Amino acid sequence: MGALAAQAAVVQTAKADQGDAVIIGVVKDAASGDPIAEASVSVTSENLQGEQAVVTDSSGIFRLPNLPPGEYTIEIVRDGYEVVSRAGVLLQANATVRIDTRLRPVDTATTRTLVVPSPTVDVGSTSTGMNISTEFSRRVPVAQPAGKGGANRSFEAVAEATPGARNDLYGTSVAGTTSPENNFVVDGISVNDPAFGINGTALSVEFLTQVDVESGGFMPEYGRATGGILNAVTKSGGNELHGSVWGFYTPGQLEGRRKIVEREGSAVIAEPSLGWIGDAGFDIGGPIIKDRLWFYGGFQAARSVYNLDTSWYRTLVDPDTAEVLTDDVTGFALTERIPGTFVHRKAQSTSIQVVGKLTFRANKNHSFDLLGIYIPTLSGGNGTYGLDARTGLPEVATGLGHYESLAHSYRDDAGDLNFKWSATTNDKKWIFDTMVGWHHQRASRMPSDGSRLGDTTGLAAIPGVIYRRNNPGPHSILDFEDLPSGAPDDACAPVTVPDPTDPTLEIVTETCPVTGYSINGPGFLYDRQLERVQGRHMITHWAQGAGHHLIKGGIDVDYMQYTNLRGYSGGVLYRESTSGTTFSDYRQQGFLIGPDDAVVLRSLQWTTFSVTSGAFLQDSWNIMDKVTLNAGLRYDSQFLFGNDKNLALALPNQLSPRVGLIWDPTYEGRAKIFGNYARFYQSVPLDIADRSGSGDPGLASIHPASACDPSDPDQATGACREDAARLPIGGPADNDQLWIAFGAGKTPVDPNLKPQSSDELVFGGEYEIFQNGRLGMSYTRRWLNRVIEDMSRDEAYTYFVGNPGYGIATDFPKAQRKYDAIILYLHKRFADHWLLDASYTVSWLRGNIAGLFRPESGQLDPNINSDFDLISLLDNRFGPLPGDHRHDIKLFTAGEIPIGDKDFIMAGGAVRTRSGGPTNVMASHYLYGSQESFILPRGSGERLPWNFSVDTNLGYRHQFNKDLALTVSMDVFNVLNLQQVIAVDETYTTGDVNPIPGGTMDDLDNLNDIYGDPVVKNPNFGKPIAYQRPRTFRFGLRFEF
Amino acid sequence: MTFDKNLALVCPALLLGVLATTGCKQPPLNCTTAHGYFAAKYELESGDASSPCGSLLGDELGLNTYFADAGMRPDLDKGSVAIRPLYLNNYVFRALDDGVDLTMDDNTQAVGDFTAALPDSNEFCEVPSTNRTTLAIPEVAAIEDDPETPDEDESVPAQPATTISYEWSNVNILVNADAQGTQMSAELDFEQDGCRASYHVTGVFPVVYCETNEDCDDDLNGINPNFATECLTELGMCVLSEEPPSYQ
C-alpha cells in the first residue's frame, strides 16, 4: 500500500455550504514530492447525480464542493502517472475532509486502488457540535418516545445527544442558551416558529440523512441566532430505487411504575399514565432519469395517547371537632379514595408527515432541489384532552373542572416549500447558490365540540367560569358535579358540629372541597397563522493568493407574518372572588370609547409582520498554505410592524464580526487546533409585535353574585352583561365607575434601544487517534450583551421596552448570562461494526435571565417575559441559572455482531449522568403572584441530586440480499427505572415577601411578609414535584429495500 | 428629554426603501395619559385669594384616555381625555351615600380631545379645551351621633346645597417612552356658588401622600424616579417642583 500522504502543504480550509460536503487535498509526485498541477480529480457516489470533477491548480491543490453527504469513490488521473482510486470516503453534511495523494510516475497506465480509512477530522471549521447520522439515530436509543417530538422522533429530539446540549421545556438547547434562540434549519430553510422562535417543523429523522448540530464557532453565513444551529439534511433519491417501511410502538402497559408525587390532597386527583405511542411510515427514493432527475418521498403517521384517569377523594375530618385530619410529617390533609368515582379519559394527538423531494442536475454545473413538507397534527376533541404542541405534554394535569371547560381541540400544521439552485463554473472555482423558501404554520385551539371562535352556538358561545372561594371556606365538589351513581350517598356530606364558643352557630367542614374549579365554557381560544418567506443568494469563490482564499458573500431577505385571532368562549371568562360574593370579568376583550362607555369585542385579530435583511462577507484564507485564518462580517437589520402597519420595533445595524484560526499540525487532515471569536444577534419573534406593539385591550367589571349567576349560560351571556348587574367599583375621582380598562395602547420603546446579541469565544483541538475515531477538547465561553425586555420604573403603572441597564433603564441591572464549558469528547463513527460517542462537559451557567422563556413559570413571551419587569423584584436574580449542571457525561455506543453472512445481532446503548441543577427560595409578589420574588439569591436552595439513566437498544437484522433487509428492534429507555428527583417545590411561602438582598438561609427563621406579619412556611417546600420518566419500551420493525 | 443621535452607519431602511418616512428611529408613543389619580397643585391666576373658591391648594384628579372605535379595535390616533376632580366628587358621593336622588351624569367629569395622534417636538400632547361641566348638588342633612355607641362619634355635619363648575383648557400632557402621560399642566376655570377663580394646574401621576420631601424622593414610591417632585405639606401630596417637563 502506498503512503497515504507525506508532508504536504496545508490546504486551505473553510466551512462547506449548508448541507453539502467538500473534499480538498493536494496531489504530489511520489518520487520528487513536487505538487502535480492539472491532475484530474473526480468523485462518484450513490448520492451524487453523475460525476463531479476538477483539476488541481499550480500548487497541486484541488477543491471539490457541493457534494451531498454519503460514501464516495475518488479517482485521480494524470498523464504519466498511475491512476489512484480510493473508495469508502465518508462525507458528512457541512464537513470538509482532506485527502492527499501521491502519484507514482509510470510508463504504462496502471490503476492502484486504495482502501484506507476515511478521514474523520473536519478541517474546514471552528464550529463545535455534533453530526448525528442515520446510523447513530437508528442504532443508539436517542429519541425518547414521550415529550416534545418523541412520537415523531423529530430531528430536534435527537439533537439532545450533542455534547453540552440538554432538553428544556420547549425543545433542545445548546451552550447554556434556551431552545427559542436556536436557528432550526431544514435543507437551508429556516423553520423557526415566526411568533415564538421554537422549532416549527418537527420533521422525523426517518426522512433525514443527518442532523448537524452546531453549538458554536460558526461563520457569518449563519446568522440571527444566539443559540445553536440545528440543521436537518433530507434524503435524496438515487440511481437505484431504495426505500423502507417501518413501524414503532411504545405500549403503556410496559411503562415502569411511576413514583407518585406527594402533594396536598384535592377532591379530584388525576393519575396520568402512558397509553401508547406509535408511528408507522414508509419512504422511497429513486431515479426518474438516471443521473439527472431523482425523486424522494415519504409518509409517516404518529400517534400519542396518554391516560388521564381521575377519582374523587374525600378529606378525613374529625366528626367531633370538624377539624381536618393531617399527616404528622407532611402536614398534608389525609384523604381516602371514594369508590365508584373513577373516570377514564385520554389525552391524544395524531400527526402525519408527508415529504417530497426532487433533485435535478441539468448539467454538470447546474443542479436544482425542490423540497415540500407537510405536517398536520390534530389533538383533543371528542371526549379526549389535547396535547400542548409546544411542550408535548397533556394540556391538563388535574381534573378540576368540567371536561367541556378543560378540554380543547388543537390543530397544529406545518408546511415547507423550498427551492434551491446551485450553479458553478467548470473549474468549480465560482459557485452561485440561490434559495427561496416558504415556511407555513397554523395553530389553533378550539372547543372540544367542534364549534369555532365567534360561533353563536356550541361551546364557543358559552362563557367559562372559574370558582375559587376560600373564605369562609371552599366549595364542595357537589356544587358543580352530581355524585356519581356508584359512590356512597354520603361520600361528600359535610361534617357539621355546633360551635363551642357560640351555641347558635355551627362549624361546617366540607369533606370534598375544591379550592379551584372551572366549568362550562372552554375559555381562551385562538387561531393563528404564521408565514415566513425567505430568499438567499450566496457567491463562493476559491482563489489563489499568498496561499488560497475561499471568499463567500451573500445577501438574504426574510419576511415573517403572524395573524393571531384570539378570544374567549362566550366573549368572557368569569372568575369568582375569594369571598364568593362577586364574579369578575377575569378575561374579556374590549376598550372604552368614553367614561363607562364600553365596546366589548367577541374576539381580536391582529396581523403583524417583520422584514429582515442581511448580508455577509467572509474569507477563509489559507495563509501560505500553513494555517487558515477565517474572518468575516455579517450585517443584519430587522424591522417589526404592529397591527396598524406602523413600525413597532427598529433593530438596524447589527454588525457581527467573526474571526477564527485553524491549524492542522499534521498537515494531513488528521488533527486541528482552532480558536474562534464571534458575535451573534437574535432574530426577534413576532410575539412582541403582536402584544406590546399592537396592544392587548382588555375590560373588566365586577358582578354581584346576587344579580349574576354565570353558571347559568343564559345569565352569563344575558343578565350578567347588563349594567344593572355591575357593581360600582370606582372611587369618587375614578373616571369609570363600572369598568376597568387596560392594555389598549402600545408599549413604548426606548428610543435608544439596541438589538439583543451574544458573544462567544471558542478554543479547541482534535486528533484522529485511531481509524475512524477522533478525540477532542474544547473550551467555550458565551456571554450576553444587551437584552431586549419590557420593564416598569413605577411599579407596574407603565411599561416600556428597552435594554436593562441602558437608556431609560439605567436603574435596572444589566442583563447577564455567562456560560463557560470545557468539553472532552471522543467520536468514532460507525465502521467495523461499531460506533462510540462519549463526552464529558464541565460547565458553569450563571446570570439573571435564562433566555427567551422563563423556566420558573414556563412563560414563553420572547423579549417581554417578566424577568426584568419591576425594580422591587430585581434583587437576588443573579446566580446559577436553571440550566446550570456542573457535570454532564454522555456515552453512546452501538455495535453489531454478524452471524453467518446474512444475520446480525445489533446492540446499542446510551448512558447519561448529570449533576443536579440549582433550586431557589421563592415567595409571592403582591402584584405579580407566585414564582416572582427571590427571597434569597438565586440558587440558594439545595442542589438537585445527580441524575442517571441507561437506555438500551437490542435488534436483529436479517439481510436477504445486498438490498433487502428486515430489522426487529427493541429500545428500552431508563432500563433501571430510576426515578430521581428532577424538580422540587421552590415556593417557600405563598405570602408576599420582598427579596432580602444577599440573604442566607438563616434569614428565613424570622421572616415577615411585606405587611409585617410572620410568614406561613409552605409545608411542601423543598419536596419533589417531578421525577424522571419511568422505564418505557419501544418495539420496532423495519423493512428496507 | 430628546434622544436624537447620529447614526454611524447608513440606515438600511433607506436602502431598502421600506421606511421612507420613519427611518431607523424607534416609533413614538401615541398621545395618551396615565390612568388613575394625579396629584395636582393649583396656582391662582385670577380671582380673590381670600374667597372660598380662590383658596384651593390643589386636588386629586382622576384622568383616563379613551380611544375612538376603529371597528373591532381602538383607534390610537384619536384619543380623548377625561378629568374627574376629587373635590367635586366628594360632594357627589356624600350626597349619593345619603340617598339623595342625584343621577351620576356626565357633569362629574370633563372630556376633551387630543389635537394630534403623536406628541409634538417637545414631547407634549395637547387637549386645547374640555366641555364646561356644571353640577348642582342638593343639600345633604347632617348625621347625628349614634347614642348607643358612646365611644364612637358618627356625627357628620350637614352639607349645604352647592353648584360647582369646572372648565379645563390648554391641557398639556408629557408623553414619551419614559413618561407615558404622567406629567401634565392645564388651566382651570373654577366656579362654586357664584364665586369664580382661575388656576394654573400642574399634576403628576400617581398620587403619593407625604409629610416630608424625603417621602417624595423614595425611588420605589411609584413616581418615576427621575421626576423632580416635592412635598406640598399643606396638601399632603408629592407634586411637581417645576413646570412640566419637571426632571431632576
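Computed from a prediction, not measured in an experiment: that's the story for all the values here. Note on naming: letters A, B, ... go to the chains in the order of the sequence lines (proteins, then strands), and numbering restarts at 1 for each one.
Among residues 739-748 of chain A, the residues having any heavy atom closer than 4.5 Å to a heavy atom of chain B are, in sequence order, A741(A), A744(A), G745(A), K746(A), P748(A).
Both the backbone and the side chain of F800(A) come within less than 4.5 Å of a heavy atom in chain B. Heavy atoms of P697(A) lying under 4.5 Å from chain B belong exclusively to its side chain. If you measure heavy-atom distances from L88(B) to chain A, you find no contacts under 4.5 Å at all. F205(B) touches chain A through its side chain: at least one heavy atom from C-beta onward sits under 4.5 Å away, while N, CA, C and O do not. In this structure, the portion of A68(B) lying under 4.5 Å from any heavy atom of chain A is its backbone and not its side chain. Heavy atoms closer than 4.5 Å to chain A are found in the side chain of L76(B), but not in its backbone. Only the side chain of V599(A) comes within contact range of chain B, with heavy atoms under 4.5 Å apart. Heavy-atom distances place the side chain of L601(A), and not its backbone, under 4.5 Å from chain B. In this structure, the portion of L604(A) lying under 4.5 Å from any heavy atom of chain B is its side chain and not its backbone.
In terms of non-hydrogen atom pairs under 4.5 Å with chain B, the most contact-rich of D811(A), D736(A), L651(A), D597(A) is D736(A). By number of non-hydrogen pairs under 4.5 angstrom with chain B, the leading residue of V801(A), I871(A), L753(A), N643(A) is L753(A). Interface check for chain A: of the options E60(B), R73(B), K78(B), the most heavy-atom pairs under 4.5 Å are formed by R73(B). Taking chain B as the reference chain and counting heavy-atom pairs below 4.5 Å, the highest number among D734(A), T798(A), D644(A) is found for D734(A). With chain A as the partner, the residue from T182(B), L63(B), D219(B) showing the most heavy-atom pairs under 4.5 Å is L63(B). The residue among P74(B), G181(B), G36(B) with the most heavy atom pairs within less than 4.5 Å of chain A is P74(B). Of the listed residues (D69(B), N221(B), V111(B)), the greatest number of heavy-atom pairs within a distance under 4.5 Å of chain A belongs to D69(B).
Under the 4.0 Å criterion applied to side-chain N and carboxylate O atoms, R793(A) and D178(B) are assigned as salt-bridge partners.
Residues V749(A) and K25(B) fail the side-chain proximity criterion, which asks for heavy atoms closer than 4.5 Å. With a 4.5 Å cut-off on side-chain heavy atoms, P732(A) and V92(B) do not count as touching. Contact check for F67(B) versus L592(A): no side-chain heavy atoms found under the 4.5 Å cut-off.
Listed here is the closest heavy atom pair of Q737(A) and F93(B): OE1-CZ, 3.4 Å. The minimum heavy-atom distance linking A177(B) with P751(A) is given by the pair CB-CD, 4.0 Å.
One finds the CG atom of D75(B) at 9.0 Å from the CZ atom of F591(A) (value rounded to the nearest 0.5 Å). Of the inter-residue distances, the one linking D596(A) atom CG with Y66(B) atom OH reads 7.0 Å to the nearest 0.5 angstrom. Note that the CD1 atom of I808(A) and the CG atom of N176(B) stand 6.5 Å from one another [nearest 0.5 Å].
No side-chain donor from either of N224(B) and Y797(A) sits under 3.5 Å from a side-chain acceptor of the other.
Within the 3.5 Å criterion, the main-chain N or O of N735(A) finds a donor-acceptor partner in the side chain of Q109(B). Distance alone, capped at 3.5 Å, places no donor-acceptor pair between the Q26(B) side chain and the L649(A) backbone.
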